[in-house]
Engineer: 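First the structure, which I've put down as structure tokens, then a few questions once you've had a look.
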Amino acid sequence: MLQIFYESQDFFLLKELEKLGPKKGVITQSVKDVVQSLVDDDLVSKDKIGTSVYFWSLPSCAGNQLRNVRRKLESDLQSSKKRFTELVDQCNELKKGREESDEREEALAELKAIELKYNELKEEMGQYADNDPAAFEAMKKAIEVAHGAANRWTDNIFTLRQWCSNNFPEAKEQLEHMYKEVGITDDFDYVELSPAIPLRAVGDQMLERQFSNGIM
């Protein structure tokens, strides 16, 4: 498609390019997409004159485009070289005081041992997460919230049931049948909250586990 523009150095409508494209091996159906891609790459210019859109491209335009690309790449290369030099200097600076020595090897070995011990203790703590007093307290608060929400909906159900009974007394049997279908039976009532286990009891359980595992 660029050859069409360079050889003629003329302006074209899209329909004209669609006729010329097959002569250069570009099928008619693809001419529009190819030309648009060239426009997007700044290799072909286009402008609307009146109701028509014209396309054109001169060899000098392509040369300018390539020169601009080259200048940008050269600028990026210089920036990359400068950054590389800065990183090399930084790396050399960080190496100071970190030269290989017996003392450094011992320190690294000690650090590795501490990290292994830390991971072991962290994993061991995970085994007692269920008995963590803070977690237990959070769970207790969550239970209280859930209990309040359950009884609030229970109260709403009783209120709605009473409203239906007052407004549709003739449909008592149908309503009772509907209640049973959705699980509102005679034993439907507010949820009772069982007394929570004291935190001291949780702490005693943790101590018992530690003694049984030989930790203390």
Side-chain angles (χ1 to χ4, degrees), residues 29-30 32-34 36-37 39-42 46 48 53 72 76 79-80 83 86-87 90-91 93-94 97-98 104-216:
Q29 293 82 353
S30 300
K32 182 178 180 180
D33 293 335
V34 173
Q36 185 58 50
S37 67
V39 172
D40 295 338
D41 292 338
D42 293 330
K46 76 172 183 177
K48 187 174 183 180
V53 178
K72 184 178 183 307
D76 292 343
S79 299
S80 298
R83 180 56 178 164
E86 292 175 352
L87 291 174
Q90 185 178 355
C91 181
E93 190 66 26
L94 291 174
R98 300 185 180 186
R104 176 176 169 79
E105 290 297 328
E106 291 177 2
L108 290 175
E110 183 179 354
L111 176 61
K112 185 175 181 180
I114 292 174
E115 289 177 344
L116 290 174
K117 186 62 177 178
Y118 169 78
N119 291 331
E120 290 176 0
L121 293 174
K122 186 176 180 181
E123 183 178 353
E124 185 176 324
M125 287 180 61
Q127 298 176 2
Y128 303 106
D130 293 340
N131 293 324
D132 182 5
F136 178 80
E137 189 65 27
M139 186 183 300
K140 188 169 68 172
K141 290 182 180 179
I143 291 174
E144 292 174 355
V145 172
H147 173 257
N151 282 337
R152 185 166 58 253
W153 280 103
T154 301
D155 194 45
N156 292 339
I157 290 173
F158 282 145
T159 301
L160 179 59
R161 186 175 181 179
Q162 185 62 42
W163 183 87
C164 290
S165 298
N166 293 339
N167 288 273
F168 306 103
E170 69 282 358
K172 181 178 179 180
E173 293 184 3
Q174 292 90 331
L175 289 173
E176 291 296 334
H177 180 70
M178 182 189 69
Y179 296 149
K180 291 180 180 180
E181 284 186 343
V182 297
I184 305 175
T185 56
D186 294 336
D187 58 350
F188 182 80
D189 203 349
Y190 293 98
V191 178
E192 294 293 336
L193 184 62
S194 301
I197 301 175
L199 290 178
R200 180 177 299 176
V202 175
D204 293 341
Q205 291 177 6
M206 292 179 64
L207 290 174
E208 290 176 2
R209 289 191 180 184
Q210 291 176 344
F211 277 117
S212 63
N213 292 332
I215 298 174
M216 298 182 63

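Nothing here was measured: the structure is a model prediction, and the numbers come from that model.
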Engineer: Of all the heavy-atom pairs spanning V191 and N151, show the shortest one and how long it is.
Structural biologist: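 Result for this residue pair: N-OD1, 2.7 Å.
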Engineer: Looking at K112 and E115, is there a salt bridge between them, counting it only when a charged N and a carboxylate O are closer than 4.0 Å?
Structural biologist: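 Salt bridge: no.
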Engineer: Should W163 and F168 count as side-chain neighbours, where that means a heavy-atom distance under 4.5 Å?
Structural biologist: yes
Engineer: List the residues meeting side-chain contact (heavy atoms from CB on, under 4.5 Å) with K117, not counting sequence neighbours, and say none if there are none.
Structural biologist: E120, L121
Engineer: Centroid-to-centroid, F188 to Y179, below 6.0 Å?
Structural biologist: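 Centroid separation for F188 and Y179: 6.0 Å or greater.
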Engineer: Search all heavy atoms of T154 against all heavy atoms of Y190 and return the closest pair with its distance.
Structural biologist: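 For T154 versus Y190, the nearest heavy atoms are CG2-CD2, 3.8 Å.
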Engineer: Between H177 and E181, which heavy-atom pair has the shortest distance, and what is it?
Structural biologist: NE2-OE2, 2.9 Å
Engineer: For E86, look at atom CD and say whether over 12 heavy atoms of other residues, nucleotides or ligands are found less than 6.0 Å away.
Structural biologist: yes
Engineer: Check whether any side-chain heavy atom of Q36 sits under 4.5 Å from a side-chain heavy atom of K46, and report yes or no.
Structural biologist: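 Yes, at least one pair of side-chain atoms sits under 4.5 Å.
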Engineer: Rounded to the nearest 0.5 Å, what's the gap from CZ on F158 to CG on D189? Could you check?
Structural biologist: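 Separation between the atoms: 5.0 Å.
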Engineer: Please determine whether a side-chain nitrogen of the Lys or Arg among E176 and R161 lies less than 4.0 Å from a carboxylate oxygen of the Asp or Glu.
Structural biologist: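 Salt bridge between E176 and R161, a charged N being under 4.0 Å from a carboxylate O: yes.
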Engineer: Can you find a side-chain donor-acceptor pair between N119 and E123 that sits under 3.5 Å?
Structural biologist: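 Looking only at side-chain atoms, E123 and N119 do not form any donor-acceptor pair under 3.5 Å.
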Engineer: Please report the C-alpha distance between E144 and K141 in whole Å, then the side-chain angles of each, then the deciding distance to 0.1 Å, and finally whether the salt bridge (Lys or Arg N to Asp or Glu O under 4.0 Å) criterion is met.
Structural biologist: CA-CA 5 Å; E144 292 174 355; K141 290 182 180 179; over 6 Å; no
